[in-house]
There are 2 protein chains.
Amino acid sequence: MARTVGSDGERTQAATRDAAAALIARHGYEAMSMRQLAAEVGVQAAALYRYFPTKQDLLYSLMRDHMDGLIESWKAARPAALGPAARLEHFVANHIAFHVARRHSTHVSNMELRSLSRERLSQVLKLRTAYEKELRRILRDGVEDGAFRIDDVALTAMAIIQMITGVIVWFRPDERLSVEEVTRNYLTMTMRLVGANAKQEERHVRDRAEFRAG
Amino acid sequence: MARTVGSDGERTQAATRDAAAALIARHGYEAMSMRQLAAEVGVQAAALYRYFPTKQDLLYSLMRDHMDGLIESWKAARPAALGPAARLEHFVANHIAFHVARRHSTHVSNMELRSLSRERLSQVLKLRTAYEKELRRILRDGVEDGAFRIDDVALTAMAIIQMITGVIVWFRPDERLSVEEVTRNYLTMTMRLVGANAKQEERHVRDRAEFRAG
DNA sequence: GAATGAATTGAACGTTTGTTTTATTATTTA
DNA sequence: TAAATAATAAAACAAACGTTCAATTCATTC
């Protein structure tokens with residue numbers, strides 16, 4: 001036996017990525033064997049090495065794509081000319097939407113950093129830091145123009161990110177709450193968390209209406 | 001070679017637990033080998049099997065102890081006769097103090113649930129649920145007596161737990177902020193998150209003073 | 001000081017691991 | 001239709017894995 005009928009490199013590679021994300025999310029990177037992954041894809045283990053030189057290359061590729069996608073998604077969603085409150089709202093909404101839509105790779109990116117080599121770890125962390133910087137910027141702007149009351153911007157940024165990323169730990173889309181309801185709740189909690197006052201909340205609601213109007 | 005001079009079962013077992021928590025926290029359960037663990041303890045791998053029948057027994061033991069300790073710690077710290085706001089404050093403070101003091105086993109308990117067998121997983125989850133129930137109770141009480149403004153108690157409880165457990169992801173005790181400062185920040189954020197109003201905040205400050213006085 | 005039990009070593013077991021190599025077949029190109 | 005290339009299977013590799021077992025030495029008790 002060798003090449004099979006209907007075999008297609010691109011399809012195999014894509015199927016490998018999907019299956020790997022799912023398996024690693026469920027069992028962990030170390031617990032997933034290349035043979036197990038290959039079986040899921042419907043191929044022999046050796047075939048995977050045509051697309052990913054090593055197991056760790058596969059992991060890095062998943063993480064890298066996840067982070068690139070996250071940053072890209074925020075670049076596309078972020079409003080340029082709005083006030084801090086409205087920008088924070090967009091940030092939270094985009095973050096939740098992105099992560100809920102990518103539960104598997106989110107789990108991988110959050111849990112398997114320790115399986116990366118030094119250089120690759122620092123590459124991924126660099127992207128992560130850049131992303132977090134966007135949030136800190138929003139918070140700082142909000143403090144400066146009086147929209148937020150925050151004691152420590154860096155600490156608050158970490159708290160918010162932990163909170164809104166944690167959605168995927170308990171949230172199941174087919175249960176009691178919809179993504180929209182969950183997002184609305186987290187938006188409310190976030191705005192309170194940063195001490196956005198009522199007056200400010202009114203203002204950002206107005207901003208949002210203007211933004212959506214065009 | 002066989003029994004070594006000064007060897008002591010209890011000491012070896014305790015050292016094994018500590019080393020295992022540290023190694024699993026750093027490299028993951030699957031990535032830690034029994035030989036690696038034994039080397040850390042200063043013993044041969046076979047010796048570990050005198051104290052833990054299998055590798056998974058060791059993991060379960062760590063998690064079990066962690067959860068038991070957490071619940072025990074809350075039982076000892078929780079104030080009986082105070083209002084929701086004061087009780088919430090105690091909950092958050094105790095949670096952060098406990099987890100910061102036990103970074104390693106916290107990491108293990110949060111990351112390695114998937115390596116447990118079905119029955120053991122459900123045992124640990126049962127404890128976890130019981131603990132979370134305590135928080136939900138506080139939140140519900142606060143909603144009922146008007147101290148908190150909360151849309152969804154279950155969702156808010158998860159958000160708070162994710163947020164305050166996340167401390168150990170970024171916090172290092174030897175850096176910019178002390179545990180006390182960090183805790184104070186998280187307390188403020190939590191109280192705002194649940195919509196505790198100023199009037200209520202005053203009240204719980206008074207409660208706290210009374211609690212500490214008596 | 002002999003007997004008993006506790007603590008550990010060292011070697012070995014069968015599996016499984018990530019990965020490489022070689023051969024073979026399917027598809028595409030000329 | 002022949003040649004070239006892409007995609008895979010099958011088998012094999014050494015290394016590492018969790019675990020077991022018998023032998024051996026330290027510590028304690030009588």
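Protein chains get the first letters and strands the later ones, always in sequence-line order, with residue 1 at the start of each.
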statement: B/S/- along nucleotides 13-21 of chain C (protein heavy atoms under 4.0 Å) is ----BBBBB
task: Using a 4.0 Å heavy-atom cut-off across all strands, classify A:Phe52 as base, sugar-phosphate, or nothing.
output: nothing
[X] [atom1] to [N] [atom2], straight-line distance once rounded to whole Å:
{"X": "A:Glu10", "N": "D:dA6", "atom1": "CD", "atom2": "C1'", "answer": "12 Å"}
{"X": "B:Arg50", "N": "D:dC21", "atom1": "CZ", "atom2": "P", "answer": "15 Å"}
{"X": "B:Leu48", "N": "D:dT19", "atom1": "CG", "atom2": "P", "answer": "11 Å"}
{"X": "A:Gln44", "N": "C:dT24", "atom1": "CD", "atom2": "C1'", "answer": "14 Å"}

- request: Work out which heavy atom in B:Leu62 is nearest to a heavy atom in B:Ala21; give both atom names and the distance.
  value: CD1-N, 4.0 Å
query: Tell me the salt bridge (Lys or Arg N to Asp or Glu O under 4.0 Å) pairs involving residues 115-132 of chain B, sequence neighbours left out?
result: B:Asp57-B:Arg120
query: Does the distance from a Lys or Arg side-chain N to an Asp or Glu carboxylate O, for B:Glu134 and B:Arg78, drop under 4.0 Å?
result: yes
query: Is any side-chain N or O of A:Thr12 closer than 4.0 Å to OP1 or OP2 of D:dT8?
result: yes
- prompt: Between B:His95 and B:Tyr131, is the ring centre distance below 6.0 Å?
  reply: yes
query: Is the gap between the ring centers of A:His66 and A:His99 under 6.0 Å?
result: yes
field: Donor-acceptor pair between B:Asn94 and B:Ser73 side chains, under 3.5 angstrom
entry: yes
